[in-house]
Amino acid sequence: MNLETPITYLKGVGPQRAQVFEAKGISTIEDLLYYMPFRYEDRSNVKRIADLAPGETATVFGKISAVQTFQPRRSRLRLFEIRVSDGSGRPLVCKWFRGDYLSSILERGLEVSFFGKVEWDAYSQEVSLLHPEYEILRQDDPEAALHLGRIVPVYQAIGKMNTRVLRSLIHRALESFPNEPDPLPETVRARLGLPERGRALRDAHFPPKEGIDLRTLESFRTPAQFRLIIEEFFFLECGLALKRRKARSVEGIAFALNERVREKIKQILPFKPTAAQKRVLKEIAADMAEPTPMNRLLQGDVGSGKTIVAVEAAVIALENDYQVAVMAPTEILATQHFLYFKQLLEKRGGYVVVGLTGSYSAREKTKLKQMIREGIAHVVVGTHALISKDVEFKNLGLIVIDEQHRFGVMQRLELLRKGKHPDVLVMTATPIPRTLSLTLYGELDVSIIDQLPPGRSPIKTRHVPDEQAEKVYSFVRREAEAGRQTYVVYPVIDESETKTVKAAQKMYEHLSKVVFPDLSVGLLHGRLPTAEKEGVMERFVRGEIAILVSTTVVEVGVDVPNATVMVVEHAENFGLSQLHQLRGRVGRGREQSYCVLLTGDLNPTAKERIDTMVRTQDGFEIAETDLRLRGPGEFFGTKQSGLPAFRVANLIRDREALEIARSEATAYIDHPPSDAELKTLIDYIRQKWQRRYGLVQVG
Ligand code: ADP
Ligand code: MG
C-alpha cells in the first residue's frame with residue numbers, strides 16, 4: 001500500500017463508500033489521511049458514576065440496567081431513557097428526546113460507555129446525561145480504545161459515515177502507513193524542529209495521551225498540526241517561487257522612460273498626485289522599464305485614486321508606440337473608464353481611445369475591431385468582451401485590469417495572450433494582508449496606495465431602522481436642494497435578480513411619485529438595455545438626476561464626486577466588503593458625505609457588520625472583520641481567485657505559518673542543498689500539487 005493507493009483497498013471501504021468519499025474529493029489513502037478533524041473531544045476524564053459532579057464533562061463505563069420510552073408530561077416529544085450502573089452504588093440516567101430509534105441499539109444488559117456533560121435530574125434525584133455520545137463495548141473490538149478514555153478526533157460526517165466510522169477508517173489507514181520518504185526537505189524540518197510526516201499525521205488524528213491539551217489542539221498549534229500546515233504552505237510557496245522565477249525569465253518589453261514621456265504625463269494630469277500615487281507610479285515605471293514583463297498588483301482603498309495611476313502607466317506604453325487595454329468588471333464601470341481615458345488621453349493627449357462596451361451596432365463594432373487590429377486605436381477600454389476571440393491587437397504593450405478580484409485567473413491569462421508578453425497592472429481595493437496577497441496573487445509584485453487625495457473628510461455613517469426612513473428622505477431632500485446627489489441602493493433579494501429589480505423598480509416609483517415628485521429621480525439596474533444604462537449614468541454624472549435608485553451595479557468603481565449621500569436599503573443583506581465598496585461611492589469630493597444604512601431587525605452577525613461600518617472607515621479593518629465573519633473561502637471566492645482549498649491549513653488562522661513557509665520556500669528555491677534535491681522537490685510538486693492546485697504550474 002502506498003499513499004496513491006485507491007481508498008477502496010482499505011478494509012471497510014466498498015464501492016458505495018468509495019463513491020461518497022469521491023464526492024468529497026477523497027480518492028486515495030493520502031486524501032483520507034489529510035482529512036483532518038474539525039475539533040477534538042477530551043474523553044480522558046473517566047469517572048465512576050458515584051463520583052460524577054453536575055457540570056463536568058466525563059466518560060463513564062457501565063451496564064444498561066433498564067430501558068424505557070415514554071411521553072413525559074408537558075412535552076410533545078417522546079423520551080428514550082436508560083439507566084446505567086457501574087457498581088459504584090448509584091445509577092446514571094441517560095436521556096434522548098426522539099430517541100425511539102435507539103431502543104433497538106441500546107438494549108438491556110449491554111456494556112456501554114457514555115460521554116457527555118453531567119446534569120442533575122431534580123425529578124429523579126439522580127445524575128443524568130442528555131443526548132450523550134455512546135459506544136457499545138465489545139470484548140472483541142480491537143478498536144474500542146480508539147473512541148474512549150482519550151482525546152478523540154471529531155470529523156465532519158461524510159455522507160452517512162459519521163465521525164466514529166471515519167475515526168476507525170482513518171486509524172486503519174494510519175496503521176498501514178506506508179514507509180515513504182518525507183517530502184518536506186530534511187533541512188527545513190530540522191531548522192523548524194518539525195516532526196516527520198508519519199508521526200505528524202498519527203498525532204494530528206490521535207493526539208498522544210500525554211502532554212497535549214485540548215486548547216492547543218483546537219487552535220491547531222500542536223507540533224504535529226503545525227508540521228502539516230507548514231508542509232501545505234511550503235509546497236504552495238515553492239510552486240509560486242518557481243512560477244515567479246519562470247515569469248522573470250521570459251523576454252518582455254523594456255519601455256523607454258525619457259523626458260518626453262514625463263512631459264506627456266504632466267500634460268495630461270488633471271491634478272497634483274499624492275505622495276503615495278507618485279511613489280507607486282515610480283515603482284510601476286521602473287518595472288515597465290525592465291526587459292521582463294511587469295506583473296504588478298496595485299492595491300489601494302476605495303477612493304484612493306488608482307485610476308489616474310493607470311492612466312499614467314498607459315502614457316508610458318503609448319509613448320513607446322504600444323497599445324493599451326483596460327478591462328473592468330461591469331459595463332457601467334467600463335463606460336466610465338472609457339469616458340475618463342478618452343477625456344485625458346484623447347482630448348489632452350492626442351491618442352485614439354475606443355470603448356468596447358457600448359451600444360454599438362454590429363457594423364460599428366466591426367469597425368472598432370478593425371481599428372484595434374490595425375493599431376489605429378491606441379487605447380481600448382471594455383468589459384470581459386475584450387477577451388473574445390475576434391478582438392486582436394496590433395501591438396498590445398500594457399494591460400490594466402480594474403477591480404481584479406471580480407475576475408478569474410483565467411480571464412487575466414486570456415487577455416494576456418492578446419499580446420507578446422505585455423506588461424500587466426491589476427488593481428483592487430480589497431485590502432488584504434501582504435502575505436495573503438502575495439499568495440493569492442502568486443507571482444505578482446505589489447504596490448500600495450496608502451493615502452487618500454487631499455481634502456477628504458470622513459464619511460458620516462449612520463444606522464437607521466426602517467421605520468425612520470421618512471427622516472432619511474427629508475435629509476436627502478435637503479441635500480438635493482443644496483445641489484448634491486444621492487444613491488439609494490437595493491440588495492439582491494432571495495438570490496433572484498428579477499425580484500431585486502422589481503423591488504428597486506417599486507422603490508423608484510414610490511420615491512419619484514410620492515416622496516420626491518418635484519425632484520428628478522433615476523433608476524439603474526442590470527436588466528436595462530445598455531444604451532439606457534449609459535443614458536441614466538451620464539445624466540447622473542452631469543447632475544441632472546438628483547436621486548439614483550439602483551441595484552448593486554454601482555457597487556464598484558463608479559466615480560461621481562458630487563454625490564454625497566449613499567442610502568443602502570436592507571443593509572443587513574449586504575456583506576461588509578460590499579457595504580464598504582458602496583460607501584466608497586461617496587466622499588469623493590470636498591463636500592461632507594453621508595452613508596445611511598437602513599435595516600430591519602438584525603441577527604448578531606448582521607449587527608456586527610453594521611456596527612463595524614458605523615465605527616470605522618478603515619478598509620483594512622473592515623476587510624479583516626469580513627474575513628473573520630465569512631471565512632477565507634467565501635471572502636476570496638476560492639474558485640474565482642484560483643486559490644487552492646487547503647486541506648489542513650487555514651489562511652487566516654495560520655498566517656504566521658504562511659510567513660514562515662514563504663521565507664523557507666524562497667530560500668530553498670534560491671539556494672537548494674543540491675540540484676538533485678531541488679529536482680526531487682520539483683518532481684513532487686509537479687506530480688502532486690500541479691494537479692490539485694492548478695495555479696502552481698511549474699516550468
Ligand atoms: P479608486 O482608487 O477607488 O479607483 P478613483 O481613481 O476613482 O479611486 O479616484 C477617486 C476620486 O479621487 C476621483 O474623483 C479622482 O478624480 C480623485 N482623485 C484621485 N487622485 C486625486 C488627487 N491626487 N487629487 C485630487 N483628486 C484625486
Ligand atoms: Mg476604481
Side-chain angles (χ1 to χ4, degrees), residues 265-266 268-282 284 296-315 326-345 347-348 357 381-383 400-407 425-432 446-459 484-485 487 537 540-543 552-564 566 577-593 595 617-620 622-623:
I265 289 179
K266 268 195 208 135
I268 56 109
L269 268 180
F271 39 63
K272 212 169 140 277
T274 62
Q277 284 168 326
K278 277 193 199 150
R279 176 173 42 77
V280 298
L281 179 66
K282 231 175 160 178
I284 292 167
R296 189 165 283 272
L297 171 71
L298 176 57
Q299 191 177 302
D301 208 348
V302 275
S304 60
K306 295 183 287 293
T307 322
I308 195 68
V309 176
V311 173
E312 293 173 309
V315 173
V326 181
M327 184 161 79
T330 66
E331 233 173 285
I332 287 172
L333 183 53
T335 304
Q336 178 187 295
H337 278 342
F338 167 54
L339 297 173
Y340 190 72
F341 277 74
K342 195 177 169 83
Q343 167 72 25
L344 295 180
L345 294 176
K347 299 226 172 92
R348 291 183 183 220
T357 46
V381 187
T383 57
V400 176
I401 302 180
D402 196 14
E403 307 291 349
Q404 115 93 24
H405 56 282
R406 291 293 197 92
F407 291 104
L425 180 66
V426 303
M427 313 199 285
T428 183
T430 310
I432 47 179
V446 182
S447 288
I448 299 173
I449 305 185
D450 51 6
Q451 180 185 27
L452 292 180
R456 303 273 179 85
S457 50
I459 300 162
R484 291 189 281 276
Q485 295 161 279
Y487 297 92
M537 209 51 224
F540 190 63
V541 170
R542 284 203 299 265
T552 48
V553 289
V554 294
E555 181 183 330
V556 290
V558 171
D559 182 50
V560 180
N562 191 50
T564 53
M566 167 59 69
S577 298
Q578 226 179 351
L579 288 173
H580 181 61
Q581 282 278 1
L582 283 170
R583 178 167 59 186
R585 293 316 111 219
V586 297
R588 295 183 157 248
R590 289 181 177 269
E591 300 299 334
Q592 174 64 53
S593 285
C595 174
Q617 221 170 299
D618 178 350
F620 198 84
I622 289 172

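Read the numbers this way: they start at 1 and go in the same order the structure lists the ligands and their atoms. Quick caveat, the model's predicted, so the values are computed rather than measured.
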Problem set entry | Any side-chain heavy-atom pair of Val311 and Leu345 under 4.5 Å | yes

Exercise. Just wondering, more than 12 heavy atoms not from Arg348 lying within 6.0 Å of its CZ?
Worked result: yes

Problem set entry | Heavy-atom side-chain contact between Asp450 and Gln299 under 4.5 Å | no

Problem set entry | pair Pro561-Asp559: side-chain heavy atoms closer than 4.5 Å | yes

Could you pull out every N or O of ligand 1 that sits under 3.5 Å from a protein N or O, with the distance for each pair?
| residue | atom | partner | partner atom | Å |
| --- | --- | --- | --- | --- |
| ligand 1 | 2 (O) | Ser304 | N | 3.4 |
| ligand 1 | 2 (O) | Gly305 | N | 3.1 |
| ligand 1 | 2 (O) | Lys306 | N | 3.0 |
| ligand 1 | 2 (O) | Lys306 | NZ | 2.8 |
| ligand 1 | 3 (O) | Gly303 | N | 2.6 |
| ligand 1 | 3 (O) | Arg588 | NH2 | 3.1 |
| ligand 1 | 6 (O) | Lys306 | N | 3.3 |
| ligand 1 | 6 (O) | Thr307 | N | 3.0 |
| ligand 1 | 6 (O) | Thr307 | OG1 | 2.6 |
| ligand 1 | 7 (O) | Arg588 | NH1 | 2.9 |
| ligand 1 | 8 (O) | Gly305 | N | 3.3 |
| ligand 1 | 12 (O) | Arg456 | NH2 | 2.7 |
| ligand 1 | 14 (O) | Asp559 | OD1 | 3.0 |
| ligand 1 | 14 (O) | Asp559 | OD2 | 2.7 |
| ligand 1 | 20 (N) | Gln277 | NE2 | 3.0 |
| ligand 1 | 23 (N) | Lys272 | O | 3.0 |
| ligand 1 | 23 (N) | Gln277 | OE1 | 2.9 |

Exercise. Taking the side chain from Gln485 and the backbone from Thr564, do they hold a donor-acceptor pair closer than 3.5 Å?
Worked result: no

Problem set entry | With Ile459 via side-chain contact (heavy atoms from CB on, under 4.5 Å) - residues at least two apart | Thr461, Arg583, Val586, Ser593, Cys595, Gln617

